[in-house]
Amino acid sequence: MGIRTHGGSLAPGGVVGDGRYRLLAQFGIDERGGAHLWRARDGQLRRDVALTILVGDPADVEAARQGRRTLERAAHAAKFNHPSVAKVLDVLTLGNGISSSEGLLGIVVSEWTKGTDLIDLVNEKRIPPSTAARMVQALAEPVERAHLSGLVLGLDHPQRLRVTPDGRLRLAFPGPLPDSTLRDDVKALGAVLYLLLTGRWALQGGPPAIPAAPRDPQGQLVPPHVLEPRVPRDMSALAVRTVSDGGQGGIRTSAAILRVLDKVASAEERTPKPPENVDPDGTVWTTKKPVKDAARRRKLALGVSALVIAAVAALAWVGMMAISFFRDDPPSGPPVNLAEQSDTKKPGGHGDNSNGDGGDQGASLGDAVDPSEVAVYNPEGEGDGVAEAPNAVDGDESTAWQTDKYRQQFPAFKSGVGLIAAFDEPIELGGVHILSDTPGTEIEIRIADSAQPSLEETRTVASTRLSEGTTKIELDEAVPGEYVIVWVKTLSGEEPELQSRLAEVAFLPSK
């Protein structure tokens with residue numbers, strides 16, 4: 001049983017919300033509104049959530065009023081849905097999940113955002129200007145949509161933002177300040193751009209973990225290109241114009257910043273970049289890890305196999321010659337051609353421990369085609385193991401993509417989850433080979449016409465249950481498609497320990 005916390009003693013292991021939420025780790029404090037930002041565990045639904053905990057004295061009339069205003073705004077935001085904004089799941093108030101003795105004014109409960117702290121990211125490295133512009137552009141889109149509905153999101157504090165595994169900025173701790181305005185959201189976009197470019201925060205009330213942006217003797221913000229010469233001047237001016245409260249050329253709406261961001265990001269991406277890491281003699285080098293090329297590894301494996309077969313055949317021929325030399329009688333029976341025998345043993349796809357018969361696969365299927373991109377497909381929310389999705393096609397059997405652990409079988413929580421593979425050109429799909437150590441997983445192979453389809457927009461072309469090792473799925477006839485989904489319909493295991501894992505997935509075209 002956890003210890004019930006009080007406003008001044010929030011600590012990991014404590015519980016709030018009538019004992020439902022156990023505090024795991026604190027991710028910051030927005031001092032302006034007494035908002036403590038926590039990751040917690042929902043003891044009822046067995047999932048992690050983000051808590052924006054408003055700390056204050058309920059007897060303080062003004063503090064209680066401001067707390068109620070923040071909670072009201074958060075409740076309105078619960079109706080807003082966008083991938084770059086964590087969904088508000090619940091709002092706890094005094095007498096409704098919070099007692100007056102806890103030293104709390106309220107709690108905003110939202111879905112947990114996997115990924116990295118924004119502050120950790122900028123402390124680790126400076127973001128390339130074009131990447132920074134695209135990240136802020138993706139964050140500006142929900143701001144524009146929310147403002148059209150009259151909603152203030154309240155993203156004007158860097159610790160409220162997180163970076164998802166696919167590189168998107170996301171408002172992870174909703175709960176706007178009681179007096180924040182639409183203009184404050186727009187200024188926050190400029191401040192986030194300034195932060196990504198310089199590592200400094202350009203608004204008041206920032207966290208002590210990052211330095212404040214410098215200002216000149218007239219109190220004007222120092223442009224980012226002065227601090228970081230690599231920043232293009234037009235992008236530097238964009239950040240300053242967005243944060244600025246007045247003057248000519250100020251950007252005051254999210255629609256305006258979206259237009260300018262797209263323009264400056266496109267211009268930056270078109271600008272030729274000189275090669276990095278060039279030695280004085282002109283040699284270009286890199287410290288990046290070699291790219292895992294699954295096709296090259298397969299070709300190498302086939303080549304080695306062919307050499308081994310040839311060597312075995314040669315040794316067998318020498319042995320037979322030696323036996324015939326010492327025998328008195330010539331050997332009976334038809335002549336044996338070892339080379340022809342070895343040619344009939346052709347490698348059969350992705351992995352040697354196949355569980356299918358694979359009798360004529362060599363005649364009907366071609367070599368596996370590597371997708372240009374693989375991502376988690378979860379049309380009903382956030383995906384499972386988003387960062388590990390490429391592991392399923394990296395040619396390394398020791399790495400894998402796996403689902404989250406579930407206590408109940410699909411479709412109790414959701415209908416399923418899977419991987420979607422995109423190809424540069426449509427593939428005439430003839431089969432799929434899946435290496436897995438979670439037998440019993442029910443798989444559907446689906447074809448889609450877009451990168452983010454609803455499940456109803458996809459069509460099932462094959463289904464099976466995985467066995468231990470490699471399961472070979474062959475289609476009755478080739479199906480053309482640019483997007484192929486490997487859909488996990490039923491998880492492996494037994495309640496309450498359910499999870500499926502795919503180590504390697506190979507997409508084979510029909511010959």
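Note that the structure is a prediction, hence the values are computed from the model and not measured.
- Electrostatic pairing of D156 and R32 counts as a salt bridge here, judged by a charged N lying under 4.0 Å from a carboxylate O.
- Between the side chain of Q408 and the main chain of E495, no donor-acceptor pair closer than 3.5 Å is present.
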In sequence, state the C-alpha distance, the side-chain angles, and the governing distance for Y377 and T458, and then conclude on side-chain contact (heavy atoms from CB on, under 4.5 Å).
CA-CA 12 Å; Y377 173 67; T458 68; 4.0 Å; yes
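- The backbone N or O of S180 sits less than 3.5 Å from a side-chain atom of R73, completing a donor-acceptor pair.
- No hydrogens or angles considered: nothing links the side chains of R69 and Q66 as a donor-acceptor pair under 3.5 Å.
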Evaluate ring pair (Phe, Tyr, Trp, His ring centres under 6.0 Å) for F423 paired with F507, printing each intermediate quantity in order.
CA-CA 10 Å; F423 297 86; F507 302 92; 5.5 Å; yes
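- Panel note: side chain S244, backbone V240; no donor-acceptor pair is recorded below 3.5 Å.
- Using a 4.5 Å heavy-atom threshold, the side chains of I420 and P453 count as touching.
- Without hydrogens or angle criteria, E228 side chain to L197 main chain gives no donor-acceptor distance under 3.5 Å.
- G106 and L71 get closest at one heavy-atom pair: CA-CD1, 3.8 Å.
- Using a 4.5 Å heavy-atom cutoff, the side chains of V122 and R200 are not in contact.
- The closest donor-acceptor contact from the side chain of E497 to the backbone of E494 lies at 3.5 Å or more, if one exists at all.
- Under the 4.5 Å side-chain criterion, counting only non-hydrogen atoms from C-beta, V109 is in contact with I107.
- With respect to the salt-bridge test (charged N to carboxylate O, under 4.0 angstrom), the residues R20 and D18 do not qualify.
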Run the side-chain contact (heavy atoms from CB on, under 4.5 Å) test on V16 and W38 for me, step by step, so that the C-alpha distance in whole Å, both residues' side-chain angles and the decisive distance to 0.1 Å come before the verdict.
CA-CA 11 Å; V16 294; W38 280 83; over 6 Å; no
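- Put simply, the side chain of S110 never gets that close to the backbone of K87: no donor and acceptor are under 3.5 Å apart.
- At a threshold of 4.5 Å between non-hydrogen side-chain atoms, the residues L153 and P174 do not count as touching.
- Not a single donor-acceptor pair under 3.5 Å links the side chain of R446 to the backbone N or O of V461.
- Using a 4.0 Å cut-off between a side-chain N of Lys or Arg and a carboxylate O of Asp or Glu, R162 and D117 qualify as a salt bridge.
- The minimum heavy-atom distance between I119 and A209, with the atom names listed, is CG2-CB, 4.1 Å.
- In this structure the side chain of T490 reaches within 4.5 angstrom of the side chain of R465, judged on heavy atoms.
- A salt bridge is defined here as a Lys NZ or Arg NE, NH1 or NH2 lying under 4.0 Å from an Asp or Glu carboxylate O, and R170 with E111 meets this definition.
- Within the 4.5 Å cutoff, side-chain heavy atoms of D185 are placed close to those of H147.
- Using a 4.0 Å cut-off between charged nitrogen and carboxylate oxygen, D404 and K114 count as a salt-bridge pair.
- No donor-acceptor pair under 3.5 Å is formed between the side chain of T460 and the backbone N or O of A462.
- Between the side chains of T181 and D184, at least one donor N or O sits under 3.5 Å from an acceptor N or O.
- In this structure a side-chain-to-backbone donor-acceptor pair under 3.5 Å is present from T198 to Y194.
- Residue R215 places its CZ atom among more than 12 non-hydrogen atoms of other residues, nucleotides or ligands, all under 6.0 Å distant.
- Proximity of W201 to P211: side-chain heavy atoms (C-beta onward) are nowhere separated by under 4.5 Å.
- Tested against R160 for a side-chain contact (heavy atoms from CB on, under 4.5 Å), the candidates L171, L155, L118 yield a single pass: L171.
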Ring pair (Phe, Tyr, Trp, His ring centres under 6.0 Å), that's the test. Do W487 and F410 meet it? Break it down for me.
CA-CA 12 Å; W487 181 250; F410 294 156; 7.8 Å; no
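- You'll find the side chain of I98 stays beyond 4.5 Å of the side chain of T93, heavy atoms only.
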